[in-house]
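Just so it is clear, the structure is predicted and the values come from calculations on it, not from any experiment.
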Amino acid sequence: MKCITRAYIIKWLTGSFCFICSMPILSLTEDFSQSIHIHADNQMVDMLGNIATATGHVLVTQGSIKLMADKIIVTRPNGDNQKIIIDAYGNFTTFYQMQNNGKPIQGHAKQIHYEFNTNKVELNGNASMEQLNSNIQCDHLVYFIKENKIDAISNHGHRITSTLTPSQLKK
């Protein structure tokens, strides 16, 4: 009896993880054509180096995308607006975006790395992503915005934890 129950639990957990990794996550396509706005207690802009550093209750917005952190560094390599990189640092950094389906997706971590040209958001250090009541938690998450995929990576033998609410994911 215990073997049957254990096999069922393993199959359910494996299926749940595959399900959350294939969640339909649709980003607002107009976000990427919007201007970037930086709000902070302090800002320093190096115009020759194409680097802006903001500290103290920082909020960066682009359309429905919001990044919140203690410190954010915005870099434009070689002045190229298509290759903007945002690095967010703090005890509790947050990524938020409203999806085309009207459902928000939100992530938290100690560090967030956002690359415009690849539409990739990496969350490092006690990372989690939530959509309504479904979530995934691990050491490192990579959210591929346009591909609508989340890769969850565990470091140092830590486990990946998912909570799924299928009735909310269908709507």
Side-chain angles (χ1 to χ4, degrees), residues 9-34 36-40 54 57-75 83-171:
I9 290 171
I10 291 170
K11 285 181 184 178
W12 185 83
L13 288 173
T14 303
S16 297
F17 179 73
C18 292
F19 180 74
I20 199 164
C21 289
S22 65
M23 282 192 310
I25 303 171
L26 305 170
S27 60
L28 289 175
T29 52
E30 63 267 8
D31 283 344
F32 307 109
S33 62
Q34 302 291 318
I36 299 169
H37 301 278
I38 303 171
H39 307 277
H57 304 286
V58 185
L59 171 63
V60 174
T61 61
Q62 182 188 29
S64 76
I65 295 171
K66 293 180 179 125
L67 279 167
M68 292 178 277
D70 296 328
K71 178 180 181 179
I72 291 183
I73 300 171
V74 180
T75 309
K83 294 183 180 179
I84 293 173
I85 297 169
I86 299 177
D87 288 301
Y89 305 93
N91 287 327
F92 192 72
T93 60
T94 302
F95 171 86
Y96 171 90
Q97 185 178 32
M98 182 58 72
Q99 309 298 297
N100 278 339
N101 61 9
K103 296 177 186 175
I105 187 162
Q106 183 168 315
H108 307 280
K110 290 188 177 193
Q111 179 183 357
I112 296 176
H113 178 80
Y114 177 26
E115 295 179 9
F116 281 39
N117 65 331
T118 60
N119 292 300
K120 178 174 72 172
V121 179
E122 291 187 58
L123 294 88
N124 290 299
N126 200 18
S128 68
M129 288 204 88
E130 300 103 27
Q131 187 174 47
L132 302 175
N133 291 331
S134 297
N135 66 61
I136 186 165
Q137 297 174 330
C138 63
D139 296 321
H140 180 93
L141 285 168
V142 182
Y143 171 37
F144 299 95
I145 297 172
K146 287 197 175 184
E147 288 85 12
N148 303 316
K149 293 182 182 178
I150 297 173
D151 283 343
I153 302 157
S154 181
N155 297 326
H156 311 293
H158 296 143
R159 308 228 353 141
I160 298 167
T161 303
S162 301
T163 302
L164 305 170
T165 308
S167 61
Q168 292 180 342
L169 295 174
K170 289 180 185 178
K171 294 178 185 176

Looking at [atom1] of [X] and [atom2] of [Y], how far apart are the two atoms once the value is rounded to the nearest 0.5 Å?
X: I150; Y: L123; atom1: CD1; atom2: CG; value: 9.0 Å
X: L164; Y: I136; atom1: CG; atom2: CD1; value: 8.5 Å
X: I36; Y: Q34; atom1: CD1; atom2: CD; value: 11.0 Å
X: M68; Y: F95; atom1: CE; atom2: CZ; value: 11.0 Å
X: K110; Y: N91; atom1: NZ; atom2: CG; value: 6.5 Å
X: Q106; Y: Y96; atom1: CD; atom2: OH; value: 7.5 Å

Measure from the side-chain N and O atoms of N155 to the backbone N and O of D139, and report whether any donor-acceptor pair falls under 3.5 Å. no
Do [X] and [Y] touch side chain to side chain, with heavy atoms closer than 4.5 Å?
X: Y114; Y: I84; answer: no
X: V121; Y: Q97; answer: no
X: T94; Y: K66; answer: no
X: T118; Y: F144; answer: no

How far apart are the C-alpha atoms of N133 and T163, what are their side-chain angles, what is the distance that settles it, and do they pass the side-chain contact (heavy atoms from CB on, under 4.5 Å) test? CA-CA 8 Å; N133 291 331; T163 302; over 6 Å; no
Please report the shortest heavy-atom distance between [X] and [Y], naming the atom on each side.
X: N124; Y: A109; value: O-CB, 3.4 Å
X: S128; Y: Q137; value: CB-CG, 3.7 Å
X: A152; Y: C138; value: CB-SG, 3.8 Å

Go through the structure and list residues passing salt bridge (Lys or Arg N to Asp or Glu O under 4.0 Å) with K71, not counting sequence neighbours. none
Sorted by chain and residue number, the ring pair (Phe, Tyr, Trp, His ring centres under 6.0 Å) partners of F92 (sequence neighbours excluded) come out as H108
Can you list the residues that meet the side-chain hydrogen bond (donor to acceptor under 3.5 Å, both in side chains) rule with [X], with sequence neighbours excluded?
X: T161; answer: none
X: H113; answer: D87, E115
X: T75; answer: none

Would you say NE2 of H39 has more than 12 non-hydrogen atoms from neighbouring residues, nucleotides or ligands within 6.0 angstrom? yes
Under the side chain to side chain contact (heavy atoms under 4.5 Å, CB included) test, which residues partner A69, sequence neighbours left out? I72, A88, T93
